[in-house]
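Report on the structure given below.
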Amino acid sequence: MTIGTGRAVGVCLSLCLPEVLLAVPTPRPCARQGVVPGPNALRAVVLVEGETDPSVAQAIAALGANTAASLNPPDPAAGANLAASGLSYIARILVRDVERLPSDAAAIARLRAIPALSGLEYYDDTVTEGYATPETQARAYGILKALFPDLLVLYAERLDPVATDPAYLDGFFRPDFTDLLVPYFYPVGNTILGPQQETDDWEDRLRALLEPVAACTPAGKGILPVLQAFEQTGYPLSGGLLRRQVEVYEELWPEHFNAALFAWTVGGELHGMSEIPVLRRAASALFGELPAPPMPCVVAR
């Protein structure tokens with residue numbers, strides 16, 4: 001399936017002028033303690049569970065990762081466990097919890113005390129995934145950047161509606177309200193857009209989803225692509241899947257140096273890196289070959 005460039009240009013005209021301009025504070029110079037990877041040197045593994053398990057943290061660090069991203073709320077025990085293995089910590093926070101923060105000093109203090117916390121991904125669980133309104137995104141992003149200027153504030157960008165919902169980009173895509181673009185679509189398996197084996201031309205589908213997004217993303221915007229690093233029953237993978245996904249992203253964002261791999265464990269018919277040795281080896285190779293230029297660091301608080 002392809003998406004015409006004419007539509008992408010039209011969408012870009014309506015989106016590339018932000019509705020709200022938010023001043024984002026510059027991270028402070030690095031402190032001697034609590035230094036975490038900067039926003040252009042992330043080697044992340046996504047955790048569905050296991051944030052407090054020392055063996056999980058050690059295994060992820062052994063891949064060459066420097067960050068663990070959790071789908072669960074910020075947890076001091078998780079932060080302490082990940083920090084002990086030298087990993088920084090990105091946690092998911094619900095929008096309704098974000099909106100309570102300005103009037104809850106104790107909650108702010110608890111978040112600031114979490115070891116190794118380097119980022120927060122805000123998520124609206126009251127709507128269909130990917131459909132947080134622009135107003136919700138602006139409000140959540142503004143609150144978090146005001147309270148935690150040293151943290152990455154992220155909003156994950158679901159890609160499949162680019163193909164299925166003509167109103168999606170115009171209505172919901174707001175790259176101004178995330179520090180890094182975080183696109184995700186898992187191209188091999190029984191996907192929401194139909195089944196694909198690794199031997200199929202899934203790169204064309206992924207490219208078609210990304211092209212209109214790239215056309216409407218401000219120049220210089222960083223990206224943290226979330227790559228498929230799990231195997232679905234009936235859709236075997238080779239170790240080349242991770243590198244091939246990166247190559248598609250590099251066509252559109254040639255200067256990006258980040259990667260997030262989903263996921264260490266998954267469950268059911270989905271088998272993560274903890275179960276698939278070839279994916280673990282591919283993850284280690286990928287993290288080892290991605291360039292890591294000197295970048296400003298961020299101080300976890």
Side-chain angles (χ1 to χ4, degrees), residues 3 7-8 11-24 39 42 44 46-48 69-74 89-104 107-108 111 117-149 151-186 191-193 209-210 212-218 221-227 258 260 262-263:
I3 298 175
R7 177 176 173 272
V11 172
C12 193
L13 290 174
S14 66
L15 291 182
C16 291
L17 292 176
E19 293 181 352
V20 180
L21 295 178
L22 295 174
V24 179
L42 292 169
V46 180
L47 287 169
V48 177
S70 172
L71 300 186
N72 296 313
Y89 177 33
I90 297 174
R92 175 180 279 187
I93 185 168
L94 293 177
V95 165
R96 62 173 176 268
D97 293 331
V98 173
E99 292 175 341
R100 296 189 189 108
L101 286 173
S103 60
D104 191 342
I108 295 170
L111 284 171
L117 188 67
S118 61
L120 292 168
E121 177 217 344
Y122 65 88
Y123 176 74
D124 187 355
D125 67 342
T126 68
V127 298
T128 301
E129 186 175 359
Y131 282 84
T133 66
E135 295 77 16
T136 294
Q137 294 178 51
R139 187 167 60 250
Y141 182 79
I143 290 170
L144 291 173
K145 290 309 293 187
L147 293 175
F148 307 102
L151 299 186
L152 286 171
V153 175
L154 304 174
Y155 177 73
E157 188 63 45
R158 179 180 170 184
L159 290 177
D160 61 273
V162 173
T164 60
D165 182 356
Y168 179 68
L169 285 178
D170 272 319
F172 299 95
F173 179 56
R174 296 297 186 271
D176 300 288
F177 305 133
T178 180
D179 287 340
L180 297 171
L181 195 66
V182 187
Y184 66 98
F185 177 74
Y186 309 126
T191 80
I192 196 167
L193 299 180
L209 297 174
L210 290 171
V213 172
C216 295
T217 300
K221 188 77 175 185
I223 181 172
L224 176 61
V226 184
L227 310 177
N258 297 321
F262 185 91

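Fair warning: this is a prediction, and the values are worked out from it, not measured in the lab. For the single chain, residues carry numbers from 1 onward in sequence order.
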Test salt bridge (Lys or Arg N to Asp or Glu O under 4.0 Å) applied to Asp97 - qualifying residues, sequence neighbours left out: Arg100
Please step through side-chain contact (heavy atoms from CB on, under 4.5 Å) for the pair Tyr155 and Val95, ending with a clear verdict. CA-CA 11 Å; Tyr155 177 73; Val95 165; over 6 Å; no
Compare all side-chain heavy atoms of Val127 with those of Thr133 and state whether any distance is below 4.5 angstrom. no
Heavy-atom closest contact (Leu209 atom, Leu159 atom, distance): CD2-O, 3.6 Å
For Ala138 against Phe177, the heavy-atom pair lying closest together: CB-CZ, 3.5 Å
Validation row: Pro175, Cys216 side chains within 4.5 angstrom (heavy atoms): no
Nearest atoms (heavy-atom pairs only) where Tyr168 meets Val162: CD2-N, 3.9 Å
Residue set satisfying side-chain hydrogen bond (donor to acceptor under 3.5 Å, both in side chains) with Glu121, at least two apart, ordered chain then number -> Arg92
To the closest 0.5 Å, what do you measure between OH (Tyr186) and CG (Asp160)? 10.5 Å
Just by distance, do the side chain of Asp179 and the backbone of Val153 share a donor-acceptor pair under 3.5 Å? yes
Rounded to the nearest 0.5 Å, what separation is found between the CG atom of Leu47 and the CD1 atom of Ile90? 11.0 Å
Going by the rule ring-ring contact (aromatic ring centres under 6.0 Å, His included), which residues pair with Phe185 if we only count those two or more places apart in sequence or in a different chain? none
For Glu99, salt bridge (Lys or Arg N to Asp or Glu O under 4.0 Å) partners two or more places apart: Arg139
Closest heavy-atom contact between Pro161 and Tyr131? CB-OH, 3.6 Å
Contacts of type side-chain hydrogen bond (donor to acceptor under 3.5 Å, both in side chains), residue Asn72, not counting sequence neighbours: Glu51
Report the distance from atom CG of Leu193 to atom OG1 of Thr164, rounding to the nearest 0.5 Å. 6.5 Å
Run the side chain to side chain contact (heavy atoms under 4.5 Å, CB included) test against Ser103 and tell me which residues pass, sequence neighbours left out. none
Using side chain to side chain contact (heavy atoms under 4.5 Å, CB included) as the criterion, list what pairs up with Val48, not counting sequence neighbours. Leu71, Phe262, Ala263
Does any non-hydrogen side-chain atom of Leu152 lie less than 4.5 Å from one of Leu42? yes
Looking at Arg96 and Asp125, what are the two nearest heavy atoms and their distance? NH1-OD1, 2.7 Å
Excluding sequence neighbours, so at least two apart, what forms side-chain hydrogen bond (donor to acceptor under 3.5 Å, both in side chains) with Tyr184? Glu129
Student check: side-chain heavy atoms of Leu169 and Pro212 closer than 4.5 Å: yes
Is there a side-chain contact between Tyr122 and Tyr141 (heavy atoms, below 4.5 Å)? yes
Got Val182 and Val226 here, is their nearest side-chain heavy-atom distance under 4.5 Å? yes
Donor-acceptor pair, distance only, cut-off 3.5 Å: does the side chain of Gln137 make one with the backbone of Phe172? yes
Applying side-chain hydrogen bond (donor to acceptor under 3.5 Å, both in side chains), can you list everything that pairs with Thr178, at least two apart in sequence or on another chain? none
Results of side chain to side chain contact (heavy atoms under 4.5 Å, CB included) for Ala44 - residues two or more places apart only: Thr67, Ala260
Taking the side chain as everything from C-beta on, heavy atoms only, tell me whether Arg158 gets closer than 4.5 Å to Ile192. yes
Using side chain to side chain contact (heavy atoms under 4.5 Å, CB included) as the criterion, list what pairs up with Ala91, not counting sequence neighbours. Pro74, Tyr89, Leu117, Leu120
Does the side chain of Leu151 come within less than 4.5 Å of Leu111's, by heavy atoms? no
